[in-house]
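Below: one structure, written as structure tokens.
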Amino acid sequence: MSHPDYRLNLRPLGTPRGASSLAGPRGVGASPGDKKSKSKTTRGKKKSIFETYLSKEDVSEGLKRGTLIQGVLRINPKKFHEAFIPSPDGDRDIFIDGVVARNRALNGDLVVVNLLPEEQWKVIKPESNDKETEGAYESDLPEELCGSHLLQQSLKGYNDSPDVIIEAQFDDSDSEDGHGNMQNALVDGVKKLSVCVHEKGKEDAGAPVTKDENTFMSQDTRALPEKSLQRSAKVVYILEKKHSRAATGFLKLLADKNSELFRKYALFSPSDHRVPRIYVPLKDCPRDFVTRPKDYANTLFICRIVDWKEDSNFALGQLAKSLGQAGEIEPETEGILTEYGVDFSDFSSEVLECLPQDLPWTIPPEEFSKRRDLRSPSSSKKCFRIKDCVFTIDPSTARDLDDALSCKPVADGNFEVGVHIADVSYFVPEGSSLDKVAAERATSVYLVQKVVPMLPRLLCEELCSLNPMTDKLTFSVIWTLTPKGKILSEWFGQTVIRSCTKLSYEHAQSMIEGPTRKIPEEELPPVSPEHTSEEVHRAVLNLHRIAKELRQQRFVDGALRLDQLKLAFTLDHETGLPQGCHIYEYRDSNKLVEEFMLLANMAVARKIHCAFPERALLRRHPPPQTKMLNDLVEFCDQMGLPMDFSSAGALNKSLMETFGDDKYSLARKEVLTNMCSRPMQMALYFCSGVLQDQAQFRHYALNVPLYTHFTSPIRRFADVLVHRLLAATLAGHQGGLSSARGSQAPSDPGQGHHAAQNPAKDGTHTAPASGPPTTLCPGYRELPDVEPEALQKQADHCNDRRMASKRVQELSTSLFFAILVKESGPLESEAMVMGVLSQAFDVLVLRYGVQKRIYCNALPLQSYRFQKVGKKPELTLVWEPEDAEQGPAQQVVSIFSLVEVVLRAEATALKYSAILKRPGTEGLLDWQDEQGGRDLAEEQD
């Protein structure tokens with residue numbers, strides 16, 4: 001497979017891809033298939049290519065002394081000879097050059113490195129514009145800084161429509177990190193800029209630079225400023241092989257037909273160039289592969305690495321499976337799932353035996369005595385209560401309904417608002433086979449066309465899912481709120497609910513946009529007889545008003561949100577192929593749900609940490625990486641952007657105030673948002689008893705001291721663990737602390753905990769930590785038998801699987817978009833320049849939210865020149881004239897330039913390139929007429 005780095009870089013046969021030129025003859029080594037690999041002096045013993053790993057004892061001692069450093073290895077997907085680990089001090093990443101220095105570690109592995117002598121550190125030229133000197137993340141954006149949108153869902157059951165809207169499901173609690181989706185104003189035709197060349201005041205950088213802009217030094221490093229050096233290291237130990245050691249790719253015959261290896265092995269070439277090439281036994285290959293290798297040239301296989309010896313450039317592996325033709329949806333999807341270690345097998349009979357066997361299942365009578373009954377009077381004996389109007393708001397295609405809301409007016413113009421979450425822990429006994437497989441999967445994985453569930457579908461879609469007009473077991477947090485969102489009281493408990501209807505985000509949005517309009521019944525889903533659509537409409541409007549107040553206060557109190565464009569697809573029902581795509585619009589109905597899920601997650605975090613200060617499962621978000629943030633500050637200064645990066649709230653305020661509402665300003669804001677995401681770190685689950693410094697508990701983006709995940713137990717195992725802790729809290733297992741102070745509770749409190757609330761300075765509401773214990777019923781569960789270290793291990797696994805799930809989701813989106821370009825392209829769009837290099841530039845394609853690199857040598861140019869105006873890099877492109885009568889057209893490309901691009905499929909499966917359109921050519925198609933840009937409402941009609 002071709003790669004830009006290969007163009008003039010000829011390698012000796014047998015050299016591992018990405019091996020450093022610094023390695024010299026010893027670094028390259030000899031191929032195991034090379035007959036001449038054994039000289040007279042080394043006959044009988046192959047020369048080692050990789051260093052022997054240090055002993056566990058030496059590693060432990062080195063880490064204690066600080067002479068060794070550990071970190072997660074990240075390999076640059078664009079330049080796979082470059083790898084990085086984070087610097088412990090938050091400074092510039094530590095650089096690892098080439099396969100030899102990586103020492104057989106793969107992307108994502110937890111490794112131990114030894115710093116090289118300073119004279120071998122990487123030199124970064126001051127004029128370098130390639131910001132890839134920091135570790136290239138596969139996914140720069142922490143999922144929680146945006147409202148992450150899970151792509152929903154299977155085509156099954158939608159025979160009434162030829163096209164299925166695959167919506168972006170709003171991940172209610174992931175917006176904790178601030179990332180969401182921009183309004184569609186950005187993509188309806190961004191105002192074009194005219195570009196002209198100003199000859200004065202330019203710093204000419206001369207001819208295009210052909211060498212890598214970041215090179216290793218040959219001069220004395222002592223003469224260089226400290227800023228121009230990047231610490232470099234080599235891997236000396238792999239603490240944990242987190243990479244699955246599985247890869248998809250293609251089979252090839254070995255080049256030397258006369259070698260002994262040719263008769264025993266084939267060569268497996270992974271699609272991901274960060275994985276080494278692998279020898280696989282011919283006995284694993286198709287029988288006719290040796291005689292008819294071309295028949296398998298486009299066949300995708302899965303291979304697993306089983307060994308990688310010190311004296312071999314290539315790993316040894318076993319061919320696991322033939323997937324099918326490359327570029328097709330299902331083979332590619334299975335390959336993605338396998339590479340990232342996603343268990344998509346059927347649940348075993350042992351696991352399924354843990355589920356209720358007598359179906360249809362009904363709530364046992366004794367359970368009602370242990371829970372507060374929130375069902376309407378016709379279903380409950382407590383007819384004196386005002387009925388609770390409980391309902392769900394989800395994507396129209398969603399089947400795993402985790403959460404429901406309720407809202408009713410109470411005395412003095414206030415409201416009783418409830419968040420009700422499926423009580424999954426009731427159906428997942430701790431220590432059972434079901435519990436073990438759910439813990440191992442840790443999360444559901446959402447693909448464009450389907451979902452790989454964490455739990456069996458009987459639980460996900462029936463027993464736990466809060467489907468309308470059926471009795472369900474839930475955990476609830478219920479507040480008494482003023483219309484301004486001030487918390488007057490707070491109650492936690494296990495409940496029984498009966499949702500009166502299943503609203504989609506579109507249903508709720510129509511209610512919000514038409515507050516006085518009577519919506520015809522045929523435009524709404526069925527509502528249970530105990531309630532009316534008008535009652536639901538009023539509840540939605542009240543929740544919306546309170547949510548707006550909560551949201552406004554959150555940002556006043558210093559929260560951050562980084563909006564990013566997200567794609568949603570329409571799929572052909574019969575073929576499953578993408579027919580079109582559109583930018584998912586994040587609207588007030590999404591924000592409504594988000595605010596109350598955040599409120600519940602923060603409330604539960606405070607509750608379980610108060611009860612179990614050493615054993616609470618919480619979620620922290622560290623501050624941005626210092627060096628990358630400083631680089632961004634410097635960039636904004638150079639560009640004349642008055643951005644304040646001193647805190648999350650200051651950054652959010654800058655993003656809101658620096659840019660106007662015109663379409664060009666929104667495009668610039670989107671580009672800068674992408675840049676701001678790069679220094680951000682991932683949010684992490686952790687056990688409170690493991691971190692000594694409570695300042696590290698903080699959530700940077702939300703700007704709150706405590707946070708957790710409580711609201712999505714059907715698809716996140718961390719939430720199940722939190723439910724168990726909350727149940728133990730409600731049972732009075734306070735871990736040495738008394739329960740919260742009692743206060744006037746919401747109507748009919750039943751069993752549970754309630755607490756008076758006082759706003760804290762940071763905008764959160766904290767309950768007093770002392771006071772008389774609340775009377776509780778015997779129905780709540782015991783404290784989970786887990787020590788802090790064991791809980792931290794579970795938290796680490798949840799972090800790993802969540803990151804893998806996020807990457808799989810991104811790759812699924814990329815797969816479908818690449819197929820859309822092939823099937824419906826070429827596609828045209830406006831794009832904004834994000835970065836300028838000496839011979840290429842990066843753009844954000846505004847209509848589709850994808851980032852692409854455009855290479856100058858792929859364009860019909862007479863010439864191009866890289867230069868700097870002050871400190872701002874720019875390329876001057878001189879286009880070949882279209883005919884003899886025209887002169888050459890000149891175009892200047894700099895950061896924030898608006899250009900027009902064409903996305904065109906390449907011959908290689910799933911590859912597409914972005915080509916810059918010649919300036920002055922005919923404008924773009926209107927957004928509504930664009931292939932792939934059809935409006936959601938039109939598709940529904």
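Position 1 is the first residue of the sequence, and the numbers go up from there.
Closest approach of I329 and L815 over heavy atoms only: O-CD2, 3.9 Å. Shortest non-hydrogen contact noted between F569 and P578 is CD2-CB, 4.1 Å. Of all heavy-atom pairs spanning C856 and L875, the tightest one is SG-CD1, 3.8 Å. Scanning all heavy atoms of the two residues, the minimum distance from E339 to A246 falls at CG-O, 3.7 Å. Taking both residues in full, the closest heavy atoms of P270 and A247 are given as CB-CB, 4.1 Å, listed atom of the first, atom of the second, then distance. What you find for L651 and C676 is that their closest heavy atoms are CD1-SG, 4.0 Å.
Side-chain contact between H81 and H273: absent, with no pair of heavy atoms (C-beta onward) separated by less than 4.5 Å. Contact annotation: the side chain of C636 never approaches that of M675 to less than 4.5 Å [non-hydrogen atoms, C-beta and beyond]. Using a 4.5 Å cut-off on side-chain heavy atoms (C-beta onward), Q449 and T333 make contact. Q509 places a side-chain heavy atom less than 4.5 Å from the side chain of D588. Contact annotation: the side chain of Y505 approaches that of P395 to within less than 4.5 Å [non-hydrogen atoms, C-beta and beyond]. For the pair F344 and L447, the minimum side-chain heavy-atom distance is 4.5 Å or more. Looking at heavy atoms from C-beta onward, S894 lies out of side-chain contact with F841 at the 4.5 angstrom threshold. Taking 4.5 Å as the limit, every side-chain heavy atom of P919 sits out of range of all side-chain heavy atoms of Q890.
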**Message:** Go through it in stages, so that I can follow the logic: the residues are L837 and F866, the test is side-chain contact (heavy atoms from CB on, under 4.5 Å), and I'd like the CA-CA distance, side-chain angles, deciding distance and then a yes or no.
**Reply:** CA-CA 8 Å; L837 308 178; F866 175 79; over 6 Å; no
**Message:** Show, in sequence, the C-alpha distance, side-chain angles and deciding distance for E332 and L300, and conclude whether the side-chain contact (heavy atoms from CB on, under 4.5 Å) test is met.
**Reply:** CA-CA 8 Å; E332 294 284 355; L300 204 60; 3.7 Å; yes
**Item:** Audit row: V901, K852, side-chain contact (heavy atoms from CB on, under 4.5 Å) steps and yes/no
**Value:** CA-CA 10 Å; V901 299; K852 295 296 287 184; over 6 Å; no
**Item:** Candidate pair Q564 and E670, rule side-chain contact (heavy atoms from CB on, under 4.5 Å), full reasoning
**Value:** CA-CA 7 Å; Q564 286 214 310; E670 181 63 26; 4.1 Å; yes
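The existence of a salt bridge linking E828 and R847 is excluded, since no basic side-chain nitrogen approaches an acidic carboxylate oxygen closer than 4.0 Å. A salt bridge does not link K911 to E906: none of the charged nitrogens lies less than 4.0 Å from a carboxylate oxygen. Contact check on E330 versus K450 returns a salt bridge, with a Lys/Arg side-chain nitrogen under 4.0 Å from an Asp/Glu carboxylate oxygen. Under the 4.0 Å criterion applied to side-chain N and carboxylate O atoms, E334 and K321 are assigned as salt-bridge partners. For the pair D93 and R74, the salt-bridge criterion is met [side-chain N within less than 4.0 Å of a carboxylate O].
Remark: the backbone N or O of R561 is paired with a side-chain donor or acceptor of N652 at under 3.5 angstrom. Using a distance-only test at 3.5 Å, with no hydrogens or angles considered, no donor-acceptor pair links the side chain of S805 to the main chain of R801. Side chain of N107 to main chain of I75: a donor-acceptor pair is present (N/O by atom type, distance under 3.5 Å, no hydrogens or angles). At distances below 3.5 Å, not a single donor-acceptor pair connects side-chain atoms of N674 with backbone N or O atoms of V671. With hydrogens and angles ignored, the 3.5 Å screen pairs no side-chain donor or acceptor of S665 with any backbone N or O of D661. S269 places no side-chain N or O within 3.5 Å of a backbone atom of F250 that could act as its donor or acceptor partner.
How far CG of L844 is from CG of L672: 12.0 Å, rounded to the nearest 0.5 Å. Note that CZ of F268 and CG of L251 are 7.0 Å apart. Values are rounded to the nearest 0.5 Å. Distance check, rounded to the nearest 0.5 Å: OH of Y664 to CD of E830 gives 12.0 Å. Between atom CG of residue D631 and atom CZ of residue F635 there is a gap of 11.5 Å, rounded to the nearest 0.5 Å. The NE2 atom of H573 lies 11.5 Å from the CD atom of Q579; values are rounded to the nearest 0.5 Å. Here the CZ atom belonging to R807 is positioned 4.0 Å from the CG atom belonging to L811, to the nearest 0.5 angstrom.
Ring pair Y912/F817 is perpendicular by interplanar angle, where above 60° counts as perpendicular and below 30° as parallel.
Judged by a 6.0 Å distance limit and a 45° cone about the ring axis, R668 is positioned over the six-membered ring of F896.
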